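Here the structure is a predicted model, which means the values were calculated and not measured. Numbered from 1 within each chain, the chains take letters A, B, ... in sequence-line order.
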Protein chains: 2
Amino acid sequence: MSHSRASEDEVDRLVAAWRQERPDLDVSPLEVLSRVSRLSRHLDRARRAAFTEHDLESWEFDVLTALRRSGKPYELSPGALLRATLVTSGTMTNRIDRLTASGLVTRHPDPEDRRGVLVRLTTLGLERVDAAFVGLLRRERELLVGLGEREQRALATLLHTLLVPFDASDGGAH
Amino acid sequence: MSHSRASEDEVDRLVAAWRQERPDLDVSPLEVLSRVSRLSRHLDRARRAAFTEHDLESWEFDVLTALRRSGKPYELSPGALLRATLVTSGTMTNRIDRLTASGLVTRHPDPEDRRGVLVRLTTLGLERVDAAFVGLLRRERELLVGLGEREQRALATLLHTLLVPFDASDGGAH
DNA sequence: GGAGAATATCTCGACATCAAGATAAATTGG
DNA sequence: CCAATTTATCTTGATGTCGAGATATTCTCC
């Protein structure tokens, strides 16, 4: 059985080059993980393009969606937000500052913990993130046209397996 | 047939939350693409940790490996390097400057094009990148233990399909 | 109930990246 | 063979992120 591929991607070339230069090494892990990295890189660009239509930066979208999907009253602590977005606390403080300045979120003291703060989506923030999310899904669907429904599910499952060890434990970056 | 999953990853939680909040939307693209992004993020961290053992930063490794796998005389133009690493030209200039300062590469005029420059790996650079590459492969293999050989190939093929549209066309970022 | 550890957030300085534009050389067409 | 365009690299300024440490509050447990 031959699994002929329509054409090469950059990782095919990269792996072929390594096999030439280091035939003593098994570079097969790159077939998976270099593709993940490179695809993520391309995705970032596509996402950025999708968001400019809605006057949002990628980092803004990441924070706003975390709040949006938490449900009413669209409110989370900075700590919860940094765990959701995989950035450090200093970065999150900065992001919240800027989102506050542009009127998309507000900061409130946590009534149950005086160390804490709660970040809440404003009406404007809610509108923006909902619009941008619909646009993002449309673009993402386009990126996936090469795969059938069954293949998409298979891919999701395989990625899931790789992700569990990371997400099951704590998550780092504080 | 039931494909029961051992446990949840963060994307399972994220998708479930969206289905609760926006049952009108089909968020299935996230099952694939959010996993790609998050996995890439975790990978970056793992790679960073692997490289510190060899006194290298991730960005240094990216440039040095591109040179390494190009074969003797381990020499590429800045333009070729930026296409290989998906960064902009300003970034690449900066990287080459710093790699030159730390003695891992040298810059030479291109004998065939006086606009051009060739970046060449030094002996030190070659040693470092070879050592780091072996270390990286070891770590990456550990990250893939959850998948059998057959599954890894399937995953690579599916990712390949998504990647081709990006890599077949030009690649952007100049 | 008090000392010490843990937690939550913020501050600040260093730094890598990007985007846009500058410079220089090569290529193309008339 | 010259002008216009394209290509290759570098420069510059703005910005987002990280990492380490500061501050304030809560938790643990003796």
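Rounded to 10°, the helix from dG1(C)-dC30(D) to dG30(C)-dC1(D) has 30° between the axis fitted to its first five pairs and the one fitted to its last five.
Although no hydrogens or angles enter the test, the distance criterion places a donor-acceptor pair under 3.5 Å between the side chain of His160(B) and the main chain of Ser7(A). A distance-only check finds a donor-acceptor pair linking the side chain of Ser70(B) to the backbone of Leu67(B) [under 3.5 Å].
Atoms CD and CG, on Glu8(B) and Leu14(B) in that order, are 11.5 Å from each other to the nearest 0.5 Å. Summarising the geometry, atom CZ belonging to Phe166(B) is positioned 11.5 Å from atom CG belonging to Asp9(A); distances are rounded to the nearest 0.5 Å. Rounded to the nearest 0.5 angstrom, Ser40(B) OG and Arg38(A) CZ are separated by 11.5 Å.
Residue-to-nucleotide proximity on DNA chain C shows that, of Arg95(B) and Ala80(A), the 5′-proximal contact is made by Ala80(A).
In terms of the ring-ring contact (aromatic ring centres under 6.0 Å, His included) criterion, Tyr74(A) has no residue partners (sequence neighbours excluded). Val27(B) is linked by a side-chain contact (heavy atoms from CB on, under 4.5 Å) to Phe133(A), Leu137(A), Val15(B), Trp18(B), Arg19(B), Leu25(B), Leu30(B), counting only residues two or more places apart in sequence or in another chain. The side-chain contact (heavy atoms from CB on, under 4.5 Å) test applied to Glu151(A) returns Leu147(A), Leu158(B), not counting sequence neighbours. Evaluation of the side chain to side chain donor-acceptor pair (under 3.5 Å) rule for Arg141(A) yields Asp26(B) as partners, not counting sequence neighbours. Qualifying side-chain contact (heavy atoms from CB on, under 4.5 Å) partners for Ala131(B), counting only residues two or more places apart in sequence or in other chains: His54(B).
Note on Gly90(B): a base of the nucleic acid sits closer than 4.0 angstrom, heavy atoms only.
Here the nucleotide nearest the side chain of Thr91(B), chosen from dC18(D), dC18(C), dA16(C), is dC18(C). The Arg48(A) side chain lies nearest to dA19(C) when the options are dC18(D), dA19(C), dA20(D).
The two residues Gly125(B) and Leu64(B) come nearest to each other via the heavy atoms O-CD1, 4.4 Å.
Identified under the side chain to side chain donor-acceptor pair (under 3.5 Å) test for residues 114-131 of chain B, with sequence neighbours left out: Arg22(A)-Asp130(B), Arg68(B)-Asp130(B), Glu75(B)-Arg120(B), His108(B)-Arg120(B), Asp113(B)-Arg115(B). Sequence neighbours left out, the pairs with a member in residues 51-63 of chain B that pass salt bridge (charged side-chain N to carboxylate O under 4.0 Å, His left out) are Arg47(B)-Asp62(B), Glu53(B)-Arg139(B). The stretch residues 89-100 of chain A participates, sequence neighbours left out, in these salt bridge (charged side-chain N to carboxylate O under 4.0 Å, His left out) pairs: Asp97(A)-Arg107(A).
Scanning residues 97-116 of chain A for heavy-atom distances under 4.0 Å to DNA chain D yields Arg98(A), Asp113(A), Arg114(A), Arg115(A). Shown for residues 63-77 of chain A: residues whose heavy atoms fall under 4.0 angstrom of DNA chain C, namely Ser77(A).
For the pair Leu82(B) CG and dA16(C) P, the computed distance is 18 Å after rounding to whole Å. Counting to the nearest Å, the P atom of dT12(D) and the CE atom of Met92(B) are 20 Å from each other. Ile96(B) has its CD1 atom 9 Å from the C1' atom of dT9(D), to the nearest Å. One atom, CH2 of Trp59(A), and another, P of dC18(D), lie 13 Å apart when rounded to the nearest Å. Across the protein-nucleic acid pair, Asp44(B) atom CG and dA16(C) atom P stand 16 Å apart, rounded to whole Å. Straight-line distance from the CG atom of Asn94(B) to the P atom of dT15(D): 18 Å, rounded to whole Å.
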Contact list (N/O, under 3.5 angstrom) for nucleotides 2-4 of chain C vs protein:
none

